[in-house]
Amino acid sequence: MGDEALRDEMAAFVRDSLAARVEQGDHVEAWTIYNSLETAGYGALAREVISAEKMRAFYYEGVPGVFGQARPKLEKISDYIQGTVTVWVDLGVKIQNGMGYAARVIGSGFFIDPRGYIVTNHHVIEEVVHPKNQGYGKVFIKMAEDSDQRIPAKIIGYDSVHDLALLKTEAKVPYVFNLGSQSQLNVGSVIYAIGSPLGLERTLTSGVVSSADRKLFTTGSVVQIDAAVNSGNSGGPCIDKDGVVQGVVFAGIASYQGLNFAIPIEYLKQDLPILYRGGQRKFPWIGAYGKTARAGRSNYGLEVLYIKPGSAMDRAGMKAGDVVTSLDGKKVSSLEDAQNILRDHVPGSIIACSYLSGGSYEAKKDCLLFLTERPKNPGYEVYQGDTIQHSFVAIFGMELTPSSTESSRVYTVKNVIPGSAADENGFSENDPVTVGRVQFDDEKSAIMVAFTAKNRRNGYLDISIGMQAMLDSPYYF
């Protein structure tokens, strides 16, 4: 069988898989297959099963909070408290130092659908869904107007990366919040946070947006707010003056008054179709590391600084130095643009990519990328799947070349990425280095490496340096 005939046979097999997923009601998988067929040039086969309009309706069928009817603006800001709940997680009795005590977690949440769907943080219900606990914990809610009654709630889906979770209760819903858009929120915008800090229910605080792009997540930025937030506020709504939810409160930093954060509402809206189908949200990646490409003060793409062997970009023939300008048919001007686009997809998808080969506008190319599941700690996978000389580009920001035939641990620094850990520790091009002991923490989330070097910045004196780096960051994609 020729290559073309084989491709057609495989495409027909995928078409039949799409038909089966639609019949089974597997909305997310059907959406993934449909879009992948379209991207790969077999859209006609996909449309034999279902039209694009019907596919979109099928994907969003029943999803709470996305296309709901707009709710009326309430008279007073304090009236919006009625649409919030206290989330009460009962973990039973735990033994510590021979004594038993009631183990509980208290958080906040808010209604996004009249059927009883509630948004909260993943870390509020984390112990219940953690495999080691085998789901022994129970989740309840307390309504704002009746804080004495505990009402059972069910965990539908959760996203540990963006700290979001979707719950469902059978309680009568007093008010459903409207979900806004990040474009409606600017630095200086007045916002209000509602929740149960330290278990103090029906608490409303106010402040302003201090920053809209703090990189606390590994796949995106968060909103910094100065409204008072404490333990127990987690999962509550961050609303604007019209009562529209613009973020989900998720963190404050102890001992730093006014330094608090909220998850952008766009992340929740991207998550909801997947959370609604149940289970843990998985994220895609294309096996690379890079940063925003800039020319003067202008951004023009995503510069690829490292590609993991065997990854999607590697199989597509891309190289370090290429600049991504488009993903999934959408313009990419920055790392943040690429992250926003990838969040719309799940592992197993195929997306189109346009890039400048070697960063040159004279060599524009197109390819297809198959998205795999993002590892928990991408840097650890990079270290395990590549040589030290190449993997350290992503991990420490420096590329090495072997400089000894007698020792595999002696190198010369070939290149240092400005602003990287290597740059901050004084490494420069042509510095001789010896790589010593390599250690990882128990979670494989951080690496510590002992170096012996003669740094040009230190007058080529022999120095010993221990460098540490986290093995996940926004720069892995």
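A pairwise comparison of heavy atoms in Cys353 and Val324 identifies SG-CG1, 4.1 Å as the closest pair. Taking every heavy atom of both residues into account, Phe396 and Ala469 meet most closely at CE2-CB, 3.7 Å. When all heavy atoms are compared, the tightest approach of Pro174 to Phe111 is CD-CE1, 4.0 Å. The minimum heavy-atom distance between Leu369 and Ala316, with the atom names listed, is CD2-CB, 3.8 Å. The shortest heavy-atom contact between Pro264 and Ser221 is CG-O, 3.4 Å. Of all heavy-atom pairs between Val249 and Cys238, the closest is CG2-CB, 4.3 Å.
Side chains of Leu302 and Phe477 form a contact here, defined as non-hydrogen atoms less than 4.5 Å apart. Residues Arg294 and Asn299 have side chains in contact (heavy-atom distance under 4.5 Å, counting atoms from C-beta outward). With contacts defined as side-chain heavy-atom distances shorter than 4.5 Å, the pair Asn35/Ser349 does not qualify. Between Leu37 and Val14, some side-chain heavy-atom pair lies under the 4.5 Å cut-off. Annotation: side chain of Val129 is in contact with side chain of His122 (closest heavy-atom distance under 4.5 Å). A 4.5 Å side-chain heavy-atom check between Val382 and Val393 finds every atom pair outside the cut-off. When side chains are defined from C-beta on, Ile263 does not count as touching Leu268, because their heavy atoms never get closer than 4.5 Å. Residues Ile191 and Val223 form no side-chain contact, since every pair of their non-hydrogen atoms from C-beta on lies 4.5 Å or further apart.
Of the possible polar contacts, none joining the Glu381 side chain to the Pro378 backbone as a donor-acceptor pair under 3.5 Å is found. At distances below 3.5 Å, at least one donor-acceptor pair connects side-chain atoms of Asn377 with backbone N or O atoms of Lys444. Arg71 contributes no side-chain N or O that, together with a main-chain N or O of Tyr175, makes up a donor-acceptor pair within less than 3.5 Å. In terms of modelled atom types and a separation under 3.5 Å, the side chain of Asp146 and the main chain of Met143 share no donor-acceptor contact. Judged by distance alone, the side chain of Asn233 and the main-chain N or O of Val229 form no donor-acceptor pair under 3.5 Å. Side chain of Asp90 to main chain of Lys138: no donor-acceptor pair is present (N/O by atom type, distance under 3.5 Å, no hydrogens or angles). A side-chain donor-acceptor contact under 3.5 Å links Ser36 to the backbone of Ile350. Between the side chain of Asp328 and the main chain of Ile351, no donor-acceptor pair closer than 3.5 Å is present. In terms of modelled atom types and a separation under 3.5 Å, the side chain of Asp163 and the main chain of His123 share a donor-acceptor contact. In this structure, the side chain of Ser108 does not engage the main chain of Gly195 through any donor-acceptor pair within 3.5 Å.
Ion pairing between Glu336 and Lys215 holds under the 4.0 Å rule for side-chain N and carboxylate O. Salt bridge Glu145/Arg202: present, at least one basic N to carboxylate O contact under 4.0 Å. Taking a cutoff of 4.0 Å between a charged side-chain nitrogen and a carboxylate oxygen, Asp242 and Lys73 qualify as a salt bridge. In summary, Arg47 and Glu38 engage in a salt bridge, as defined by a charged side-chain N under 4.0 Å from a carboxylate O.
Ring orientation note: the planes of Tyr475 and Tyr289 are tilted relative to one another, at an angle of 30° to 60°. Ring geometry for Tyr476 versus Trp285: interplanar angle of 30 to 60°, hence tilted.
Interatomic distance, Asn230 CG to Ser196 OG, rounded to the nearest 0.5 Å: 12.0 Å. Distance CG/Leu471 to CG/Asp441: 7.5 Å, rounded to 0.5 Å. Annotation: the span from Glu266 atom CD to Asn340 atom CG amounts to 8.5 Å, rounded to 0.5 Å. Note that CZ of Arg281 and OH of Tyr158 are 13.5 Å apart. Values are rounded to the nearest 0.5 Å. Rounded to the nearest 0.5 angstrom, Thr32 OG1 and Leu18 CG are separated by 10.5 Å. For the atom pair OG1 (Thr120) and CD1 (Ile155), the distance works out to 9.5 Å, reported to the nearest 0.5 Å.
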Kindly indicate, with the supporting measurements, whether the criterion side chain to side chain contact (heavy atoms under 4.5 Å, CB included) is fulfilled by Tyr80 and Ile194. CA-CA 8 Å; Tyr80 291 101; Ile194 306 175; 4.1 Å; yes
Side chain to side chain contact (heavy atoms under 4.5 Å, CB included) between Phe177 and Val244, worked out: CA-CA 7 Å; Phe177 281 95; Val244 176; over 6 Å; no
From CA spacing to verdict: side chain to side chain contact (heavy atoms under 4.5 Å, CB included), Gln82, Leu74: CA-CA 11 Å; Gln82 64 182 299; Leu74 301 181; 3.7 Å; yes
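Counted within 6.0 Å of NZ on Lys330, heavy atoms from surrounding residues, nucleotides or ligands total more than 12; the atom is thus considered enclosed. Within 6.0 Å of atom OH in Tyr276, more than 12 heavy atoms from other residues, nucleotides or ligands are found, so the atom counts as buried in its surroundings. Atom NZ of Lys291 is surrounded by more than 12 heavy atoms from other residues, nucleotides or ligands within 6.0 Å. Around atom CD of Glu443, no more than 12 heavy atoms belonging to other residues, nucleotides or ligands sit under 6.0 Å away.
In this structure, Tyr34 has its ring center at least 6.0 angstrom away from the ring center of Tyr59.
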Return a table of donor-acceptor pairs under 3.5 angstrom between the side chains of residues 304-311 and protein atoms on other chains or two or more places apart.
from   : atom 1 : to     : atom 2 : distance (Å)
Tyr306 : OH     : Asp386 : OD2    : 2.8
Ser311 : OG     : Gly287 : O      : 3.3
Ser311 : OG     : Lys308 : O      : 2.7
Ser311 : OG     : Asp314 : N      : 3.4

Distance-only criterion, 3.5 Å: show the donor-acceptor pairs between side-chain atoms of residues 165-173 and protein atoms not counting sequence neighbours.
from   : atom 1 : to     : atom 2 : distance (Å)
Lys168 : NZ     : Arg115 : O      : 2.8
Lys168 : NZ     : Glu170 : OE2    : 3.1
Thr169 : OG1    : Pro152 : O      : 3.1
Thr169 : OG1    : Ala171 : N      : 3.4

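Asp366 and Ser354 share a side-chain donor-acceptor pair at under 3.5 Å.
Residue pairs meeting the ring-ring contact (aromatic ring centres under 6.0 Å, His included) criterion with at least one member in residues 184-223, sequence neighbours excluded, are His162-Phe217, Phe217-Phe250.
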